[in-house]
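Just follow the structure's listing: the first ligand is 1, and inside any ligand the first atom is 1. Residue numbers run from 1 in the order of the sequence given. Just so it is clear, the model here is predicted, and its values are computed rather than measured.
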Amino acid sequence: MNKLAIYPGTFDPFTNGHLDIVLRSVRLFDRFIIAITTNAKKTPLFSVPERKELIEKSLPAGNNITVESFDGLLVDYAEKKGCIILIRGLRAVSDFEYELQMALLNRRLKPAIETIFKMPSEEYSFLTSSAVKEIAQLGGCVDGLVPPAVKSALIEKFKINQQSILAKI
Ligand code: PNS
């Protein structure tokens, strides 16, 4: 059997916590798709092509992972791909309610699709993309929190943002 899993998310930006979930999951499947939603609830810092490039740059060489984007319902996208396994990271109890709701709603929409939860390493149990963005925006150090490519992109993004703010003054 050719086992395929999809790891969906906003990935704005991809963190070491996401990477940890990917590396823990990928060896269990023949094919693995990291799927970026295009309908993010909040205005993203990085565009979908930027997020895709940053994820690709952060993955180990010679992997069985593809990075794609999707719009619309996740379960419809999974069905189109012929995939019945969704991977989600579960960091702490605080994630549980949101993840439970999403897993059960997705199951209701497409009962054949299962959600599998993976726990990240405890060193990433506090890590969120939002926190990383705030730290970087306020000039804090994101070493160890995000892959090097993401760190450089954050520095670049906030430099540009600061310049555009200065230009308006
Ligand atoms: O990284 P995130 O923001 O927690 O990921 C959430 C994501 C993208 C998995 C979720 O918002 C999603 O699946 N969006 C696609 C639209 C959809 O299917 N919504 C119904 C979920 S119950």
salt_bridge(Glu68, Lys81) N-O dist < 4.0 Å: yes

For ligand 1, output the ligand-protein N/O contacts shorter than 3.5 angstrom; if there are none, return none.
from     : atom 1 : to    : atom 2 : distance (Å)
ligand 1 : 1 (O)  : Thr10 : N      : 3.1
ligand 1 : 3 (O)  : Thr10 : OG1    : 2.5
ligand 1 : 4 (O)  : Arg88 : NH2    : 2.9
ligand 1 : 4 (O)  : Tyr98 : OH     : 3.3
ligand 1 : 5 (O)  : Arg88 : NH1    : 3.3
ligand 1 : 18 (O) : Leu74 : N      : 2.8

Residues Lys133, Asp12: salt bridge by 4.0 Å N-O rule: yes

Set of side chain to side chain contact (heavy atoms under 4.5 Å, CB included) partners for Thr15, sequence neighbours left out: His18, Leu127, Ser129, Val132, Val146

Lys110 and Asp76 ion-paired at < 4.0 Å: yes

side-chain hydrogen bond (donor to acceptor under 3.5 Å, both in side chains) partners of Asn39, counting only residues at least two apart: Thr37

Below 3.5 Å, can you tabulate the donor-acceptor pairs from side chains in residues 93-107 to any protein atom, sequence neighbours excluded?
from   : atom 1 : to     : atom 2 : distance (Å)
Asp95  : OD1    : Arg91  : NH2    : 3.0
Asp95  : OD2    : Arg91  : N      : 2.8
Asp95  : OD2    : Arg91  : NE     : 2.9
Glu99  : OE1    : Arg88  : NE     : 3.0
Glu99  : OE2    : Arg88  : NE     : 3.4
Glu99  : OE2    : Arg88  : NH2    : 2.8
Asn106 : ND2    : Met102 : O      : 3.3

